[in-house]
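In what follows, every heavy atom counts, from backbone to side chain, and hydrogens, waters and symmetry copies are set aside. In what follows, every chain begins at residue 1, and chains take the letters A, B, ... in the order their sequences are listed. As the structure is a computational prediction, the values presented were derived from the model and not from experiment.
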Amino acid sequence: MKNKLFVIIDAMALAYKAYFAFISRPLSTKKGEPTSAVYGFMTQLLKVLENHKPDYIAVAFDSKEKTFRHEKYEAYKSSREEMPEDMVPQLERIKQIIASLKMPVYILPGYEADDIIGTAVKKAEKLGLESLAITPDKDYFQLITDKIKIVRPGKSNDEVIIYDKKKVIDELGFEPKYMIDYLALVGDSSDDIPGVPGIGPKTAVPLIQQFGTIENIYNNIDKIEKESIRKKLIENKEKAFLSKELATIHTEVPLDFDFEKAKFEKPDFETLRQIFIELEFKSLYSKLLEIYGNSEILKTNLEVEKITEQVSFVKDDVDYKLVNNQNDLDELVKHLKNSKEFVFDTETDGLKPFEIKLAGVSFCTEPKKAFFIPIEPHENTGLFSNSDRKAIPISEFVKKFKSVFEDKSIRKICQNGKYDIAVLRHQNISVKNFYFDTMLASYVLDPDQKHNMDDLAQKYLNYKPIPLSDLIGTKQDPTKIFDVDIKVLSNYSAEDADITFRLYKKLDEELKKEKIEKVAYDIEFPLVPVLESMEFEGIKIDTEALQQQSKDLELLMENYAQRIYQLAGKEFNINSTKQLQEILFEKLKLSTGRKTKTGFSTDARSLENLRGEHEIIDIILNYRQVAKLKSTYTDSLPNLINPKTGRIHTSFNQTGASTGRLSSIDPNLQNIPIRTDLGKEIRKAFIPRDRNHLILSADYSQIELRIMASICEDETLMKAFINGEDIHRSTAALVFNVKPEDVTPDMRRKAKEVNFGILYGIGPFGLKTRLGIPQTHAKEIIDTYFRTFKKVKDFMDDSILKAKEKGYAETLYGRRRYLKNINSNNRVVRQFEERVAINMPIQGTAADMIKLAMIKIHNELEKKKYKTKMVLQVHDELVFDAHKSEIDELKPIIKKIMEEAFPLKVPVVADIGVGENWLDAH
DNA sequence: CCAAGCGCGTA
DNA sequence: GTACGCGCTTGGG
């Protein structure tokens, strides 16, 4: 008969290990409760419970008091920093969970968990039990015997490694019982165990292998050949023996260990459920139920049915069908035609819709059941030739399925549908009734999370999908997809469709539970086809103009560079901040300003302050401007022109910004220059598609200030907008107490900075650096501002207060951003989030507004079959490639839709311009 | 080849 | 003071 199993856990050490494992990106709940340590602790515990069914289980904690080791050696653990602030609540959580798991806790004043565990496992051994000690600490190896093993966390947080005699010998090269002798020589810096200075693992292991214990080493000290080692050993004999003593785990501490109390028993599921919900450990809870539900010991005690219902699905329980003959294809079309909604997912050999080939499409209409159609990109290409199963020619697929995708009565659901819609558009299929996107649903629920399917499946379904790398290797060459066996590809793709369907149901429920579904259904989902269309259209670039500019800039840059080298007295790389620092601050001895991690700052602001000190500064600033324009714009943009269309097709990232804004990548067309004259030339190169078109630009005027005015309902501010005043001028008049007509350009500039500052959650310090005025003066301006616009201050305070209560900031449309650090004890961290709490509702509401306008404008253009296309969005501006014949008609339509998309309590104004290029359209 | 750090373009 | 993405250098592989 098998021996009974006893498991004992070093809770504190496990928690610490996990805490630091996640230190670069700590886990926390949406509301900001830190959870790294709890999560790591639970993962390890559950992993062990899953693999081994303990009959007895207990937990050991370190005592708070000093231990006998401290008395032996003052420096013991002296370099340990105090417990991190956010560790404290996590230990409380761990204790809560342990209590609910009905596991006894052992703490003994004056002893560490090591000693309790040592004593417990030795007692277990005498009673004939097998033991497993869970701990990250390798000191424990000394306890290992045939009956006692150690479990340590591996490299990834859900990996566990079991150390038995063999494993220790394999890894360290000596038997576990010599661990203390090893530590005696090598020491342990984390516990301040000194060891023998100068002896590391490389020296220690052979010594241990030859002599075993340190006693034996010193008895045979003459046999050590290397004089240097012998010397070190002799000189530090005392340290060695002290170290051994410190490293030795006591196995006979005065502890009455009662195995009866440690019997593995049924936990308090209700409390655990509550705790796990609060900690947002959805998948861990499923796992817990699974483990306890499957446990032989507990099965009889539990309502197994109720539990398995909540456990996530298992892989072999599904029905995935490869569809590659006429009959099955027709069946599938019929089935989809009769469905009210379906998930689809395309498999391709790349990421850019313009360049890829379609390799297959999967469908799902209900959980666990999915279909996959392998596709040949062209007739008889034989791309799937290495498989004995045949694929469907693309023409065949399109002929049969086009009407299903284009059927307006059937809802389409995707993970990142913008991509799939684009892929099908290139097959002349126009997806209609795009209804739900799991990626965007996740973004709406919490924009700061990851939204890829693997993470969503893990988080919401406790499921790990087949990784793509299993199919095409870790080299991530997507063209390999045609080398994958069709059956394998089928299972992978069908699983993706299936999971997307399950995520759809789950996320839909979450959205409604959080009462946030309007943001998803009114804004994000309908925006998908709009953005897809904009990306498809792209915008034309005047390549020749850019290339000419590149040449001009090249000359300028060369001139500046030569002059800089002259003034510096040597040639160097001006692009290198490191080298520039040496020149400016060491060679030329200019005064230093702001510091960065790597030295003194050389950014534009710092250089501005040095202007008078040396004529090199101006030239460097000029060089920088030219170099930036050349490398980022005139040199790069022509490379991004799609050869097939002759236009640039950016990609709008709908999940990139936590405020709700879009971002633009490959290339970023939301940061095309406009401020400087040189920069304006680049904007001129953005042109209409042909002679029959013009660029039309429509932008919101002062939208963020209007939104703030509307939220806080400040009478002065509202009146200024209602009367159509120049808001910066009015602000200046009020703040500087002059008549509007007496406002100087400098006063207006300052007022403008104040207005922007307010939107960002300004402080006197920020305004000081921005305006270059004394902080006291900045404070006066701000004070006057708040006295004038009384409700603005209230709005700022309310925003922070509301965010602190709810744990998130929100827009007028209900879009959320969680602010987990807004109650932090760290002032810098907290104040940052307080400013975010002010800014996000404003920036985010503006984003909601323009998104709503985009959807309406796009639909209008489609419905009336206009030739004019919307092509870019730059946060408060929409850019159109407008057909000349439609411009007069469209101008008022676009203006009206933008102004009425989301009414405020003050007027919303959109200005429209038309021109031969993007610059002239302003 | 990759990540971090810096600097800088936009709203 | 908010929100982004990208080019370049550097230092590590």
Side-chain angles (χ1 to χ4, degrees), chain A residues 24 447-448 475-476 572-581 594-607 620-621 623-637 639-640 650-653 655-676 678-680 682-683 699-705 708 753-771 778 782 796 799 809 817 819 828 831-847 850 872-878 918:
Chain A
S24 61
D448 292 315
K475 230 191 129 246
Q476 295 289 347
F572 66 101
N573 187 344
I574 310 168
N575 294 325
S576 161
T577 47
K578 191 164 168 278
Q579 294 180 37
L580 187 61
Q581 280 168 35
R594 190 171 63 89
K595 277 211 181 181
T596 68
K597 281 187 187 177
T598 51
F600 292 105
S601 172
T602 66
D603 67 3
R605 183 144 293 281
S606 308
L607 295 187
I620 291 171
L621 285 167
Y623 173 92
R624 280 255 179 92
Q625 193 202 3
V626 171
K628 168 88 177 177
L629 293 177
K630 185 169 184 294
S631 71
T632 312
Y633 302 104
T634 61
D635 285 354
S636 307
L637 287 176
N639 297 327
L640 293 155
T650 184
S651 177
F652 289 104
N653 185 347
T655 58
S658 19
T659 51
R661 275 189 176 181
L662 299 174
S663 72
S664 160
I665 50 172
D666 300 321
N668 180 359
L669 295 187
Q670 292 179 323
N671 71 343
I672 301 303
I674 193 167
R675 286 178 191 173
T676 63
L678 226 38
K680 281 180 176 162
I682 290 159
R683 211 166 255 240
D699 65 303
Y700 283 113
S701 149
Q702 305 298 348
I703 190 59
E704 296 196 348
L705 276 178
M708 189 183 77
E753 293 291 351
V754 174
N755 278 331
F756 279 112
I758 295 290
L759 300 174
Y760 301 148
I762 199 175
F765 183 81
L767 192 65
K768 177 200 76 171
T769 40
R770 191 80 185 132
L771 286 178
I782 294 172
M796 294 172 80
S799 300
R817 174 177 181 179
L819 300 172
V828 178
Q831 289 182 340
F832 173 78
E833 297 225 329
E834 289 177 354
R835 290 192 294 272
V836 171
I838 294 167
N839 177 259
M840 185 273 172
I842 299 169
Q843 193 184 118
T845 301
I850 197 168
L872 294 179
Q873 188 253 44
V874 192
H875 309 310
D876 65 357
E877 174 190 11
L878 297 174
W918 192 5

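Evaluation of the ring pair (Phe, Tyr, Trp, His ring centres under 6.0 Å) rule for Tyr760(A) yields no partner, not counting sequence neighbours. In this view, Glu877(A) and Ser697(A), Trp918(A), His922(A) satisfy the side chain to side chain donor-acceptor pair (under 3.5 Å) rule, not counting sequence neighbours.
Counting non-hydrogen atoms under 4.0 angstrom, Leu767(A) reaches a base of the nucleic acid. Counting non-hydrogen atoms under 4.0 angstrom, Lys597(A) reaches the backbone sugars and phosphates but no base. At the heavy-atom level, Arg817(A) lies under 4.0 Å from the strands shown only through sugar-phosphate atoms.
Counting non-hydrogen atoms of other residues, nucleotides and ligands closer than 6.0 Å to CZ of Arg770(A) gives a total of 12 or fewer.
Side-chain atoms of Asp603(A) and base atoms of dG7(B) include no donor and acceptor less than 3.5 Å apart. Side-chain atoms of Gln670(A) and base atoms of dT10(B) include no donor and acceptor less than 3.5 Å apart.
Residue Arg683(A) has no polar side-chain atom (N or O) positioned under 4.0 Å from OP1 or OP2 of dG9(B). Under 4.0 angstrom from either OP1 or OP2 of dC8(B) there lies at least one side-chain N or O belonging to Arg624(A). An OP1 or OP2 oxygen of dG5(C) is reached within less than 4.0 angstrom by a side-chain nitrogen or oxygen of Ser663(A). Contact annotation: Ser601(A) side-chain N/O to dG7(B) OP1/OP2 distance is under 4.0 Å. Listed pair Thr602(A) / dC6(B) fails the phosphate criterion, with no side-chain N or O lying under 4.0 Å from OP1 or OP2. Contact annotation: Thr659(A) does not reach the phosphate of dA3(C) (side-chain N/O to OP1 or OP2, under 4.0 Å). Of the side-chain N and O atoms in Arg835(A), one or more sit less than 4.0 angstrom from OP1 or OP2 of dT2(C).
dC8(B) atom C1' lies 12 Å from atom CG of Leu607(A), rounded to whole Å. Separating the CD atom of Glu704(A) from the P atom of dG1(C) is a distance of 18 Å, rounded to the nearest angstrom. Rounded to whole angstrom, the span from the CG atom of Asp666(A) across to the C1' atom of dC4(C) amounts to 14 Å. Between the C1' atom of dG7(C) and the CD1 atom of Ile574(A) lies a distance of 16 Å, rounded to the nearest Å. Put simply, CG on Asn639(A) is 13 Å from C1' on dG7(C), counting in whole angstrom units. We find that NZ of Lys630(A) is positioned 17 Å from C1' of dC8(B), with the value rounded to whole Å. The distance between atom CG of Leu678(A) and atom P of dC8(B), rounded to the nearest whole Å, is 15 Å.
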For each nucleotide in nucleotides 8-13 of chain C, reading 5' to 3', give B when a protein heavy atom comes within less than 4.0 Å of its base, S when such contact involves only the sugar-phosphate, and - otherwise. SSSS--
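Between dG5(C), dA11(B), dT2(C), one nucleotide has an atom nearer to the side chain of Asp876(A) than all others, and that is dA11(B). Side-chain proximity of Arg770(A) to dG7(B), dG1(C), dT2(C): nearest is dG1(C).
Taking the charged nitrogens against the carboxylate oxygens, Glu753(A) and Lys768(A) have no contact shorter than 4.0 Å, which rules out a salt bridge.
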